[in-house]
Amino acid sequence: MGNHMIDRLILRPLLLFFGPTSIVSLGWTDTFVIVIYFCFVIGIGFYLMRYAKTGEGFFMAGRQMTAWIAGLSFVAANLGSLELMGWAASAYQYGILATHWYWIGAIPAMLFLGIVMMPFYYISRTHSVPGYLKLRYGEGASLLSGVSFGFMTVLMSGINMYAMALVMKVVLGWDIHFSIWVSSLTVMVYVVLGGLLSAIFNEVLQFMLIWLGALIIPVLGLVEAGGWSGMVDKIHANFPGGDYTHLWRTMGSFQDNPMGIHWTGIVFGLGFVTSFAYWTTDFLVVQRVLAARDLRSAKMAPIIGSAFKMMVPFIVILPGLLGLALIPGLVGEQQAVATGGHSYNEVLPLMLARYAGPGLLGLGVTALIAGFMSGMAGNISAFATVWTYDIYKPLHIKLSKNEGTDAHYVKIGRWCTIIGVFISIGTAYLVQQFASIMDYVQALFSFFVAPLLGTVLLGMLWKRTTKEAGFWGLFAGIASSVGMWAWVKIDPGALRIIALSEHAKDMAENMYRALWSWLICVGVTIIVSYLTAAKPETELVGLVRGCTQIPSEGDVPLWKRPIFWATVIFVVFVALNILFW
Amino acid sequence: MVGPRSISIWFFIGILLLIYGIAIFAANISDYFWPPAEHTVVLWQLHFGVWWGVLLIIIGATYFMSFRPWKKK
């Protein structure tokens with residue numbers, strides 16, 4: 001979701017800034033903390049190897065995860081190191097507006113996944129989101145979604161890997177090749193050994209480390225700034241006239257806020273389409289929840305995840321705001337290169353270096369590495385599952401005319417993991433040579449996400465949706481998204497039509513493009529559904545609302561029910577938005 | 001969690017945090033008693049490393065003891 005921003009804010013500038021100096025230097029305790037971390041994640045992989053001998057064990061973690069483990073892993077798979085650095089930099093540049101990507105851009109969608117969609121994913125016993133599409137629409141839509149997801153996932157993983165290596169070069173002075181190979185081979189070892197279970201266990205460990213490493217900055221930053229009000233006063237003193245601490249007040253017009261976005265773009269483009277598309281249909285995150293041990297755990301996992309997601313701005317956005325208060329004068333990257341100063345892209349490591357003494361610095365750096373590895377393990381394990389079950393298995397059955405054994409698919413899954421890591425490494429080196437590839441891969445990724453939401457939602461909630469409609473709706477949505485992107489590239493004046501204003505910036509364009517492509521997907525799916533024959537209801541059992549018996553929670557006490565906790569989280573979400581209005 | 005004899009992830013987290021807590025505490029405690037002439041970090045007088053080390057030891061020990069595999073059920 002934040003890839004364009006990460007690219008613009010972190011990668012390009014770092015390419016310009018690339019130099020021999022580093023922001024921090026590590027002592028022996030810091031190095032010890034980092035080395036122990038690597039030993040631990042590999043050790044966990046070796047320990048869990050014994051539980052990853054069957055397909056269910058390797059690809060679905062035995063479907064034995066508690067709601068807490070699945071929920072934490074669900075959030076951790078999304079919490080990459082570039083996410084941490086990118087959004088801290090955004091907070092320095094745009095203020096608290098960056099929080100929209102954590103609150104309205106995540107919480108409603110995560111709650112919707114838990115309450116409305118999870119029963120169908122879970123009851124259908126699918127291995128993946130493309131797997132659900134196969135059950136609901138047949139192989140056309142499933143293959144289109146599986147192939148695009150598989151390729152895009154490893155390519156994105158490579159781009160993130162290169163970006164992380166650049167960050168490590170700038171922050172610590174580490175060699176790029178060293179960072180790429182050590183981190184990716186570590187992920188490969190523990191995912192090959194323990195499959196999804198190992199990825200999930202390590203994600204929970206990494207989630208704890210991210211919090212304990214990153215929490216140092218807001219805690220000491222608030223002490224130094226004199227609390228929240230002291231921080232706000234300092235920001236006003238440093239930037240008179242600027243509004244950096246209100247979420248909605250400046251959203252009335254494209255020109256009133258530094259993001260160049262209108263509230264309709266945030267609410268409908270981000271809050272509905274982009275966010276729902278990512279959190280409810282991106283298999284990278286959904287896979288973690290499918291590994292839950294029962295339906296109630298599967299419903300609770302995204303709800304627990306949403307509670308933690310709502311707190312992430314404390315370790316990501318707040319350090320950026322504290323930077324505005326305590327280290328004003330950070331500038332854009334080009335200006336920093338020209339003047340030899342620091343840019344706002346480095347706000348997180350600068351704040352870390354400001355407060356973290358021996359050992360704490362190592363913990364903070366471990367948090368960044370852990371963030372990267374949890375994201376990469378998510379990508380790789382999801383890639384192995386989709387490639388094995390949704391692409392390889394149908395082809396294998398068609399060509400060899402036999403089903404294939406469970407052990408065979410586990411072996412293929414392990415090979416897919418290894419191949420996925422090497423494609424990622426190859427992509428990282430390719431990006432190093434041709435930086436413009438990042439633009440195209442990220443744009444390509446964005447083309448599929450919003451239309452896929454339309455296809456999955458209509459498939460789950462409307463029994464009249466037909467097999468042909470699923471394929472053509474998805475295809476039309478993707479094609480229209482590509483078309484709109486190309487139109488703006490060829491004629492920048494088209495921005496006025498697609499993003500509703502010539503003042504709209506990149507982010508606003510992405511939001512509106514997602515919204516239109518989703519609407520086109522939904523429109524085409526509905527029209528084609530009425531023109532083609534519907535599936536008999538008996539074939540939709542377990543897949544569609546109205547045809548599926550969802551187990552009653554009548555005997556579960558109120559405080560243990562997912563809907564109760566979803567309501568609590570939603571009330572807190574609304575209250576936070578009002579508090580920071 | 002994954003089988004009748006499997007070790008909980010919280011036990012692993014407990015061990016790691018315990019090791020980290022001890023290392024960070026040990027690396028910072030000397031500054032607490034003998035503050036150096038030059039300070040490299042802001043708010044050094046709070047000795048945050050010592051307290052963070054103690055916090056990690058407490059969390060780590062709690063997880064370690066609560067989820068130890070040899071604990072009688």
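Being a predicted model, the structure only gives us computed values, none of them experimental. The sequence lines fix the lettering, A, B, ..., with proteins before strands; numbering per chain opens at 1.
- A/Gln64 and A/Tyr51 share no donor-acceptor pair across their side chains, judged by distance under 3.5 Å alone.
- For the 3.5 Å distance criterion, the side chains of A/Arg63 and A/Ser297 fail to qualify, holding no donor opposite an acceptor.
- Here A/Val33 is the residue among A/Val33, A/Asp30, A/Thr29 with the most heavy-atom pairs under 4.5 Å with chain B.
- For the set A/Leu205, A/Leu209, A/Leu215, A/Val223, the entry with the most heavy-atom pairs within less than 4.5 Å of chain B is A/Leu205.
- In terms of heavy atoms, B/Leu18 sits closest to B/Ile57 at CD1-O, 3.6 Å.
- If you measure heavy-atom distances from A/Phe32 to chain B, the contacts under 4.5 Å come from the side chain alone.
- Residues A/Trp228 and A/Leu318 are in side-chain contact: their nearest non-hydrogen atoms beyond the backbone lie under 4.5 Å apart.
- Interface remark: A/Leu361 contributes no atoms to any contact with chain B (heavy atom separation under 4.5 Å).
- Between the CE atom in A/Met300 and the OG1 atom in A/Thr66 there is a gap of 11.0 Å [rounded to 0.5 Å].
- Counting heavy-atom pairs closer than 4.5 Å to chain A, the top residue among B/Asn28, B/Ile24, B/Leu16 is B/Leu16.
- Taking the side chain as every heavy atom from C-beta outward, A/Glu346 and A/Leu330 never approach each other to under 4.5 Å.
- Within 6.0 Å of CH2 on A/Trp211 lie more than 12 heavy atoms contributed by other residues, nucleotides or ligands.
- Both the backbone and the side chain of B/Phe12 come within less than 4.5 Å of a heavy atom in chain A.
- Of the atoms belonging to A/Ile44, it is side-chain heavy atoms, and not backbone ones, that fall under 4.5 Å from chain B.
- Close placement of the B/Phe11 and B/Phe64 rings is indicated, their centers lying within 6.0 Å of each other.
- Chain A is approached within less than 4.5 Å, heavy atom to heavy atom, by B/Val41, B/Val42, B/Leu43, B/Leu46, B/Phe48, B/Gly49 from residues 41-49 of chain B, ordered by number.
- Side chains of A/Leu324 and A/Tyr344 form no contact here, defined as non-hydrogen atoms less than 4.5 Å apart.
- Considering all non-hydrogen atoms of both residues, A/Leu348 and A/Pro319 come closest at CD1-CB, 3.8 Å.
- Looking only at heavy-atom pairs under 4.5 Å with chain B, the residue among A/Ile216, A/Asn202, A/Thr366 that has the most is A/Ile216.
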